[in-house]
Structures are given as structure tokens and as C-alpha cells.
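Here's the structure, in C-alpha cells; my notes come after.
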Amino acid sequence: MTRRELLETIGKAAGSSVVLAPLVRTVFAIPDAMAAGAAPLNGVAGVDRIAMLRGRTYLNGWAGYGDPPRRQPPRRGEPGPPQLPEPPGPPPTVTWSKQSGPGAVTFADPRAPVTTATFSAPGAYVLKLTVANGQTTVSSQLNVTVELPPPAGHLDPVATKPYEIDSRLWNSRAKALIVNWIPHCIDQINRTDLTQGPGGIDNFIEAAKALAGQPHGNHKGYVFSNAWVHQTVEAMSIALMIDPKGDAEIIAAQAKMKATLDDWIPKILAAQEPDGYLQTAFTLDRPPRRDSTTGREIPVESSKFKHWDPPHRGDHEGYTAGYFLESAINHYTMTGGKDARLYNAAKKLADCWYDHIGPAPKQEWFDGHQEMEQALVRFGRFVNETEGNGKGQKYIQLAKFLFDCRKGGTEYDQSHLPVVQQYEAVGHAVRAVYTYSGMTDIAIETGDSDYQAAARSLWDSIVNRKYYVTGGVGSGESSEGFGPDYSLRNRAYCESCSSCGEIFFQWKMNLLYRDAKYADLYEETLYNGLLGSLDHEGRNFYYDNPLDANVPRYPWHSCPCCVGNISRTLLMLPTWMYARSADGIYVNLFIGSTVTVENVAGTDVQLVQATDYPWNGKVSITVNPKTSKRFAIRIRVPNRNVSALYKGTPESGGIASVAVNGSVMKPAIEHGYAVIARTWKAGDRIDFTLPLQVQRVRANEKIAADKGRVALRYGPLVYNIEQVDQDIAKALGPSSALRAEWNANLLGGVMVIRGTFADGSPLMAIPNHARYNRNPPLPPPPPAPAPTAGTPPGGGRAARPAPPPPTSIVWIREA
Ligand SMILES: [Zn+2]
């Protein structure tokens with residue numbers, strides 16, 4: 001029997017053509033072992049996962065000889081999948097059964113490796129996959145945790161609108177972004193002579209000429225270079241909503257942003273094709289380039305690419321389109337709806353996609369780099385709000401359709417399985433978290449239990465097995481992506497964009513579950529993984545954020561995908577701080593600020609937070625409803641130990657001394673929130689304290705990289721020790737005292753942690769986000785090689801020199 005006949009026989013036996021899927025995958029892995037005839041019979045039941053009660057879990061069991069495959073994208077110049085070899089033994093049979101668990105398990109087909117199971121009661125189950133070939137029997141287990149579905153009635157996002165920051169930490173961070181970083185991005189995007197990370201507004205200018213039938217230049221830079229233009233438009237729009245409070249430098253920077261928007265918007269709109277399509281790499285010819293493997297020159301590529309054509313999946317049509325939709329939302333909001341140019345153009349673009357992509361007779365499509373899906377949901381919600389319910393629903397449906405088309409590809413871009421059958425975070429980390437963030441949107445908008453189960457499982461896979469203590473993700477062991485469970489080397493990748501995506505994902509899980517633990521997590525990522533991507537002055541950034549840091553930040557990168565993403569995400573504070581339910585307001589972050597949450601129990605509520613958090617745990621919130629109304633305010637009670645991977649001691653979380661208008665009270669705690677429900681009138685005040693103290697954090701023993709090491713934490717802030725202050729190879733004694741100490745003269749004012757190493761010498765740690773601000777800058781990096789169309793972000797990596805040893809570290813040796 002040939003391999004193909006074997007597959008078909010098993011397929012027929014299982015009564016389903018889909019059974020072929022996992023076995024076809026064997027072609028990627030087995031040949032060598034099988035050719036040797038040495039591969040033993042094997043069965044793999046799959047990775048741990050979460051299922052919803054009354055929903056189903058997809059079982060993608062694998063039976064065969066040797067190791068199961070993982071589909072990776074074929075490398076350029078390598079041959080495709082090998083021919084199917086003959087199997088060394090008789091075809092295996094498979095049987096699914098329940099080994100343990102509190103309820104009944106129903107398998108759609110217990111004899112098929114690929115099937116589904118449903119569960120009658122919540123709890124922990126162990127399923128067993130038994131594989132036999134008449135001579136040998138092997139089995140493999142699968143843990144399934146069955147949960148109740150998310151509660152009915154998700155939270156509504158609070159849009160970022162004009163607001164005021166009044167916080168020692170955030171005033172200086174926001175000012176660095178507004179006065180230095182965003183203006184620097186504007187200047188870089190306006191340049192036409194960039195050799196590193198080129199392709200800015202010039203691509204739009206040339207595309208407009210092409211559309212007008214005039215002589216024009218080729219496309220510059222990566223195919224996705226429109227992305228940072230759109231992100232910077234969004235970042236400027238948000239920055240213009242921040243009250244400058246009379247600061248002359250902020251006022252001048254905001255004037256520059258207004259002038260830039262006046263200059264750029266007509267240029268961007270002129271590059272939009274008549275049917276609404278917008279992606280300058282498809283409107284312009286692409287320049288000649290060199291194949292990175294063969295060195296062969298690839299001639300000019302014609303711009304006559306078909307849109308949404310599978311050979312061009314990697315060309316980021318949805319990635320750039322999504323950022324354009326998102327930029328239009330904040331621009332329209334910033335202008336108070338008075339300037340609808342970008343909004344209307346975004347609708348035209350979304351309509352162009354909607355008109356072409358969808359169930360037959362429209363076409364199927366998925367983009368190699370996810371972003372359009374979450375942007376379409378955000379845009380659909382915004383259109384619903386702006387034009388009335390129902391008008392934006394088609395964009396949300398389109399987002400789900402794009403996800404449902406994802407299959408038949410590789411783990412790199414999360415198309416190896418239908419998304420609802422994915423339970424393990426794999427592949428490129430930015431693409432992954434953008435997927436999971438968008439899937440959570442779909443779970444929120446549709447209540448689809450397949451999406452709920454997959455989103456919760458992927459969350460569990462990241463947070464409990466693939467998550468850094470800084471809130472970063474992506475060890476870089478797969479291309480810019482995730483490694484295996486617990487494989488968390490400290491020379492991590494942790495791209496800044498994946499921190500943005502991780503915040504989006506956790507934030508949406510918070511909206512879906514109304515549970516504070518998700519906000520605990522995005523607070524970690526915000527204050528460490530993301531905030532540390534920029535230097536103190538806002539003049540340089542990190543593309544990747546390893547916990548073992550060894551190079552200073554740089555002003556630009558051969559792949560500038562993060563440059564606008566960092567600023568738009570960091571400045572959208574009101575959205576991360578508050579959420580709205582039918583019966584009140586959720587307070588998720590503690591930042592000195594004045595923010596108005598609209599439409600709470602029929603009124604608008606201004607919230608004035610006065611706090612020096614995260615340096616100090618005292619918080620006071622003045623509640624100013626436009627008219628007195630009864631509603632609940634739920635205040636997040638921090639839990640610093642959400643991830644099972646890390647444990648901080650002593651405990652440092654919770655909430656203390658809660659008082660309303662000076663009267664001490666004991667609020668009920670629900671899902672991690674202290675609930676205060678009453679009739680609120682203007683001027684009512686809530687005071688409380690969030691206990692902060694220095695913690696020693698130890699990692700799960702399965703994380704080899706952190707064995708015998710300890711991290712320091714104060715509130716949400718993870719700390720680094722730096723070679724510039726001490727010998728970072730020294731060990732910390734297990735019981736040496738550690739204290740937090742305010743240092744007004746260091747890094748613009750930071751809380752440092754002081755203690756002593758085991759040898760008695762002093763230790764000083766600074767916040768992770770403030771790392772690498774006191775080291776002499778390196779000379780600018782050499783120009784990157786010419787970018788290649790379709791190359792993923794980070795294409796400049798190969799050109800980097802061997803890394804020097806770390807000089808700023810999170811995990812300290814413990815004596
Ligand atoms: Zn990036």
C-alpha cells in the first residue's frame with residue numbers, strides 16, 4: 001500500500017475527509033527516520049487546552065511513525081516537501097477515550113485522530129489517545145480544562161478623547177513622546193534620502209503621480225512601509241488630544257503635528273485608488289532587489305499585482321490597510337467629527353475589501369501579517385457609534401471571515417490550522433498576538449464558543465508557559481517568534497510591536513471576562529515591555545527588548561514597524577485606564593489624570609485621579625458626574641502573581657484603607673475589583689492605598705534560563721541592575737534586605753531598589769523601563785542591505801554583529 005492509499009484508507013475509515021489533514025502533515029517530518037526504518041509507532045494527543053462548557057474542543061491528534069511534524073515556512077531556495085515514503089509498519093488505528101474528569105465526554109468520532117469532544121460539566125479532564133498497529137500500542141494524554149463561558153454582557157471600550165495627564169512618571173514619558181519622538185518620526189517619514197528603513201510619505205506622493213498618469217518613482221522600502229506613516233498619523237491624532245497645560249515645548253510640537261496632518265492627509269488620500277484600495281507597494285513598481293539566499297538580482301517587479309492573490313500573501317495588504325483604518329478613528333475623534341476626510345477614505349477602503357472578500361461569489365482571503373482583522377472590528381464598532389447601530393456590522397463580519405479563511409499554511413503566520421483549532425501560541429509573535437487580540441474581538445462580538453475556547457487557551461499558553469516577567473512575549477527561537485513551553489531565554493526577542501499586541505489582547509480579555517487579572521497583565525507589559533522601548537529623552541527606541549540588554553537604543557531601524565505603534569499605544573491611556581459596563585465604570589490603571597468617561601448610567605462622568613503611582617500607592621479619585629446618578633465604580637485590586645510562571649515574595653498586592661468622602665468602608669471584591677455602588681454626585685472622592693513593596697520574584701523551575709536567579713519588582717515595575725552601577729555578575733544573598741528609595745537626581749527621578757550583594761558590596765537596581773539610559777551611545781549602525789519584498793519585519797537581523805555580553809539584566813544571580 002502506498003502512503004497515499006494508507007492516508008485514504010484511514011480517511012475513509014474515519015468517515016471524514018478532514019482526517020487527511022494531520023496525516024498529510026507527516027510529509028514534513030518523517031522521511032529520514034522512516035527511510036531508516038527505525039521510527040517507532042507514535043501517537044500525540046496535543047497540547048493542554050481550555051474548552052467551554054457546552055462548546056467543543058477540537059482534537060488534532062496525530063498517529064504515525066517517528067515524530068509529529070511542525071509546519072514551518074520553506075526557506076528560500078530549499079526544495080518543497082519531499083515525496084511520501086512508504087510506512088515501515090502497518091497503518092495505525094486510533095481511539096479517543098476519557099481517562100478522568102468530572103463529567104461525561106462525547107467524541108464526535110472516537111476513532112478519528114481529528115475530531116471534536118464536548119463536555120457535560122466544568123473541571124479538569126484527561127483524555128487519552130490510544131494508537132495501535134496490531135503489534136504495538138502506545139498512548140498519549142491531553143489535559144482539557146472545561147470552563148463556564150464568559151459572563152453575559154462584555155465591557156465597552158472607553159475611547160481616548162481629550163484628556164489631561166498629571167503624573168510625575170507619565171508627564172515626562174508623554175512629553176518625551178510628544179516633543180521628541182513623534183516629531184523625529186515625522187522628520188524621518190518626510191525624508192526621501194533614508195538608506196535604513198526607507199519608504200515614508202514619498203511612497204504616497206509617487207503613488208498619487210502614478211494614479212494621475214504622471215512620471216513617478218518606484219516603491220521604496222518594505223512592502224509594508226505605509227504602516228508607520230499610518231501609525232504616526234494615529235499617534236499625532238492622540239497626542240493632539242493631550243492637554244499641553246501651557247508647556248511651550250508641547251504646544252510647539254503639537255503645532256508641528258497639526259501642520260504635518262495638513263500636509264500629509266491630502267498626500268495619503270491622493271494615493272488611494274479609485275475603488276478605495278490603498279497600499280502603495282501595489283500601486284507603484286517595486287525596485288530591483290537581490291535574492292537574500294542566491295544573491296541573484298530580481299528585476300523590477302511590475303505593479304500589476306492582483307490584489308488579494310495567494311502568491312502575494314506576504315505583501316501586507318491587510319497589515320497596512322488595518323493601520324489606515326485605525327488612524328482614521330483617532331483622527332476623526334481628535335477633530336470632534338468635524339474632519340471626516342480620513343474616516344470617509346477608511347470606509348471606502350473597508351468597503352473595497354468587503355465588496356471583494358467574503359463567501360462566494362466573493363473570494364476567500366487571509367493576509368500573511370494579521371492586523372486588518374482587529375482593525376475591522378475596531379472600525380466596525382466606531383462606525384456603529386458614529387452612524388448608528390448596524391452600519392458597522394459588516395466590517396466585523398468581514399473580520400471573522402478573514403480569520404475563518406486561515407488554514408493550510410504554516411505556524412509562522414498562524415495559518416497552520418483554522419484559528420479556532422489553535423490552542424498553543426506559535427510562530428511570529430506580533431502576528432500571533434494580533435491574531436489572538438482579533439479573535440478575542442470576535443469572541444466579544446459574536447459569543448462564538450469556538451473563538452472563546454481558542455482565545456482562552458492561547459491566553460493560557462502564553463501567560464502560563466511562554467511569558468516573560470516583563471510582560472514581553474517571543475523568545476525569538478522561531479523567526480521573531482515563540483519558542484517551546486518554558487523556553488524563555490533572556491536574550492529574548494520581545495519586539496515592541498508584540499508588547500503592543502499583548503496589551504491589546506489582554507485588554508480585550510478584560511472586556512470579555514470583566515476580570516481584573518487581564519488588566520494586571522497589561523499593566524505589566526505597559527510599564528516594562530513597552531515603556532522601556534523608548535529612551536528617556538524619546539530620541540531612540542528598541543525594536544526588540546531582551547531581558548539581558550547589551551546595546552543602546554537606536555534612532556531608526558531597518559524595519560521601523562514599531563516606531564509609530566509604540567507612541568500610539570503609550571498615549572492611548574484613557575482607553576487602558578477605564579472601561580464601561582451597563583452599570584458603571586471599571587478603573588483598570590492608576591495614573592494621575594483627568595479623563596471623561598461618557599454615557600455612564602445616562603450621564604458623562606469626569607474622573608480626576610490624583611496619585612504618584614507607581615512610585616507611591618496612595619490614590620484618590622474625584623468623581624464628577626454631569627448629573628447625580630447611581631452607578632458602580634469598580635477599582636482593580638492588583639494581583640502581581642497572575643502568571644503561574646512567576647511568584648513574587650512577600651505578597652504585594654491588594655487594596656487598603658478604602659474611603660468614600662472620608663468615611664472608611666469595606667467594599668466587596670468581585671473578579672478582582674473592589675465594588676463601590678452608590679449615587680454619585682460631583683465632587684465625591686474615593687481614597688485608597690495600593691500596598692507597594694520590593695518583591696523578589698522567582699521563576700518556575702522549568703524555566704532553565706532563570707534557575708538560581710531572582711528578579712526584583714516594585715508594584716508593576718520590574719527592575720534591572722546595570723554594569724554602570726556595579727558588577728552585575730555578583731550574586732544577591734537570599735536574605736539580604738532590600739528597600740525602595742526615591743532618587744530625585746537619577747533618570748529624572750525614579751524609585752531605586754537598594755540592597756547588598758552576598759559579598760557585602762552595595763546593589764542598586766533601576767526600573768526596567770529606564771534601563772540603558774546612562775551608557776555612551778554607540779556609533780550609528782551601518783546601512784542595512786536593500787530590503788526585499790515579502791521579507792518579514794526584522795529583515796535586518798542577519799546584518800547584526802555578534803552580540804556583546806549583557807550590561808543590564810533583569811535576572812540576578814542568587815547566592
Ligand atoms: Zn515592530
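For ligands, and for the atoms within them, numbers begin at 1 and follow the listed sequence. Computed from a predicted model, the values in this text were never measured in an experiment.
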With a distance cut-off below 6.0 Å to the six-membered ring centre and an angular limit of 45° from the axis, does Arg286 pair with Phe282 as a cation-pi contact?
yes

Any salt bridge linking Glu326 with Arg568? Criterion: basic side-chain nitrogen under 4.0 Å from a carboxylate oxygen.
yes

Any luck finding a side-chain donor-acceptor pair between Asn768 and Asn720 under 3.5 Å?
yes

Taking both backbone and side chain into account, is any N, O or S atom of Cys562 nearer than 2.8 Å to the Zn ion (ligand 1)?
yes

Lys256/Asp187 ion pair, N-O < 4.0 Å
yes

Could you please compute the angle at the Zn ion (ligand 1) from SG of Cys561 to SG of Cys497, rounded to 10°?
120°

Is it true that some N/O/S atom of Cys559, main chain or side chain, lies under 2.8 Å from the Zn ion (ligand 1)?
no

Suppose we only allow N, O or S atoms; which atom of Glu495 ends up nearest to the Zn ion (ligand 1)?
OE2

